[in-house]
Amino acid sequence: MAIRVGIPRALLYYRFYPLWKTFFTELGAEVIVSEPTTQEIFRKGLKKFIGDTCLPMKLVFGHVITLADKVDYLFIPRLVSIEKDTYLCPHFAGLPDVLRAIMPDLPPILDTYFNVRKKGVTMRSIYEAGKRFDKNPRRIYLAYQKAQEVYKKFLERIRDGITPQEAIQAFDGEEVPPVKERKERLNIALVGNPYTVYDPFSSLNIIQKLRKLEARIYTSEMIPDETIEEGIRALSKRIYWTFGKETVGAAFHYLDSKEIDGLIYIISFECGPDSLLKEIVDDKARKNKKVAYMSLVIDEHTGETGIDTRLDAFVEMIKRRRRSKKMEGEKNGK
Amino acid sequence: MDTYLGIDVGSISTNLAVINEERKVLVWEYLLTGGKPIEAVQKGLKEIENKLPSGTEIKGVSSTGSARHLTGILVGADTVKSEIIAHAVAASHLIPEVKTIFEIGGQDSKIIIVRDGVVVDFAMNTICAAGTGSFLDHQAQRLGVPIEEFGDLALQAKAPTRIAGRCTVFAESDMIHKQQTGHVTENIVAGLCQALVRNYLNNVGKGKEILPPTVFQGGVAANKGMKTAFEEELGYEVIVPEYYHVMGAIGAAMLAQETIVETKKTKFKGFEVSEVDYKTRSFECTGCPNLCEVIEVLMNGEVISRWGDRCGKWEVLEK
Ligand code: SF4
Ligand code: SF4
């Protein structure tokens, strides 16, 4: 029987799932992903968690618990840095240890160390991740190559305008309606940590809600890295958090781009990096009189009604702005 | 006479207003929702019907507030919009140059920034009661001052007491301390108004471009002490409109009028809906681990609407 590897549907699942899944499957393992987040999963995580942390970290606990008796290994990489010159928030690096300390009975954790800050992904990390399934370094390397190819295609699909959520669905073989056929009248950019924005539980289904309001969604994954860098060039200091850089870079890019009518920044209530970056984004957005802006601070206590009211008002505000601009244009034209 | 009806159903109060083609308010109604939005709407409709002169025709209707979707289904609303938009529309009609709207109600508060008649920014308080009317209610109770007298009492203050207003709990212990050290009630009352104003401006109003003319509306605007406290803090006069407590309903009525210009014909089911037997019930869907609580509205025993399902599978009603 194939060795079963569990991937929690949390945190960087929303960024790397196709890469990870392909890698392990190529090595003959069976990949099992936890179910989409529910209230029950959240409660399970909360019960185990000691002390206070952000919602995404509480959620990963719940997902790990639901996977525990279904898999032989859990894949929880020890992530320090996933791209050059930026870091993930410290919660990520300590995660495998925290999980093990709190729940000693978990299946063994594959806690491959990734710190690509200087040298990129090393052969050593790849071998570490794959050696339990195949001892042959060449085959492990080939699996990784294959995974990278698939991952590249996944990223390209997002660049074409579908959300990462949808790209994951497409990777899993589900139908995703092509962007062109959609009835969309407004353009709204959505920025924030991917695991908060794309987990429907955390974000209270914000993407689906905006779609219903006939908005087309733009995300940070849809723009190339260079554009993100370009976006934040004007800042006096580098942002050294990976997702912080993406968030601010994408927000700045979209604000300047004339492509969008509105920008929404989704923030986890207890997130350290976001509370600082919010000031930077707020400041820039406030100076832009053309693009509507709002930030939504979300945690497990956030009520659905409050979010609905704000989304409704946000979309309506954009429509009314457009209309008054059109009327003004007609007046001036005559 | 052709008129338009607006209905604003919030968690605390249900307001209705009828305007004519010139957007003049003809009649209005303010009632407590009391956790029963359907009953409140039906009762309100009955009152409005009685007050309206005979021969008035409702040409359009619109609902707003947190129960806007439910209300919209009940009455057959021509348009359903969030209360932020309704408040802004009403205020910008009454004071066309308005730039800032403070709306403070019993359990929530908002700030709306308007430029050239359109909303450009807004914020709502969500987590904390300290920026809302319930803060004052609570402290008034402690002081033994009826909330209706609160405002007039505050105006008599010679030297308002400084009270820590960060949160309800701190404010309360600070207030008790000030009482014990001999501060007179009117100074404390005025101090509480100032605390609420500071709190509102620092939380809800944080980072917003607050400019005059500023309109202050919502239930708390009845409190003259609050108006004065805002004026002292901002250094200019704030305007409390005549119908400050039913502005949401007035705005909704205007939105109805706006919609009818395009759709021509109203979907209003008539005042008879106040007699119809409506019920809501809920059930837990076990279709997946989300276990959504799905809510159904029944009209004369027949399901006419459902919501609460995350996947949308219950939304469509099979005939
Ligand atoms: S970046 Fe923020 S949300 Fe993400 S793990 Fe760190 S604290 Fe939590
Ligand atoms: S309504 Fe849909 S999402 Fe909710 S429990 Fe049922 S099947 Fe699941």
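All chains are named by letter (A, B, ...) in the order of the sequence lines, taking the proteins before the strands, and each is independently numbered beginning at 1. Predicted model, so just to flag it, every value in this text is computed and none were measured.
Side-chain atoms of B:Val118 and A:Arg322, non-hydrogen and from C-beta on, never get closer than 4.5 Å to each other.
Under a 3.5 Å cut-off, the side chain of A:Arg286 and the backbone N or O of B:Gly207 do form a donor-acceptor pair. A side-chain donor-acceptor contact under 3.5 Å links A:Arg321 to the backbone of B:Val120.
Counting non-hydrogen atoms of other residues, nucleotides and ligands closer than 6.0 Å to CD of A:Glu279 gives a total above 12. Within a 6.0 Å sphere centred on CD of A:Gln169, heavy atoms belonging to other residues, nucleotides or ligands number more than 12. More than 12 heavy-atom neighbours from other residues, nucleotides or ligands sit within 6.0 angstrom of CG on A:Asp172. Within a 6.0 Å radius of NZ in A:Lys258, other residues, nucleotides and ligands contribute 12 heavy atoms or fewer.
Using a 4.5 Å cut-off between heavy atoms, B:His87 does not touch chain A at all. Within the 4.5 angstrom heavy-atom criterion, atoms from both the backbone and the side chain of A:Met317 approach chain B. Of the atoms belonging to A:Lys212, it is side-chain heavy atoms, and not backbone ones, that fall under 4.5 Å from chain B. For A:Pro36, no part lies under 4.5 angstrom from a heavy atom of chain B. If you measure heavy-atom distances from A:Phe314 to chain B, the contacts under 4.5 Å come from both the backbone and the side chain. Residue contact with chain B, scored on non-hydrogen atoms closer than 4.5 Å, is absent for A:Asp282. If you measure heavy-atom distances from B:Val89 to chain A, the contacts under 4.5 Å come from the side chain alone. Neither the backbone nor the side chain of B:Ile113 comes within contact range of chain A, judged by heavy atoms closer than 4.5 Å. Interface remark: A:Ser295 contributes no atoms to any contact with chain B (heavy atom separation under 4.5 Å).
Chain A forms more heavy-atom pairs under 4.5 Å with one residue of B:Ile84, B:Ile85, B:Asp116 than with any other, namely B:Ile85.
Considering CZ of A:Arg320 and NZ of B:Lys81, their distance stands at 6.0 Å, rounded to 0.5 Å. With rounding to the nearest 0.5 Å, the separation of OG1 in A:Thr309 from NZ in B:Lys110 is 8.0 Å. Remark: B:Arg68 CZ to A:Asp308 CG distance equals 6.5 Å, nearest 0.5 Å.
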| request: Report the C-alpha separation of B:Glu258 and A:Lys319 in whole Å, then their side-chain angles, then the decisive distance to 0.1 Å, and conclude whether the salt bridge (Lys or Arg N to Asp or Glu O under 4.0 Å) test is met. | output: CA-CA 14 Å; B:Glu258 209 178 75; A:Lys319 287 188 185 157; over 6 Å; no
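A salt bridge between B:Glu83 and A:Arg310 is absent, with no side-chain N of the basic residue lying under 4.0 Å from a carboxylate O of the acidic one.
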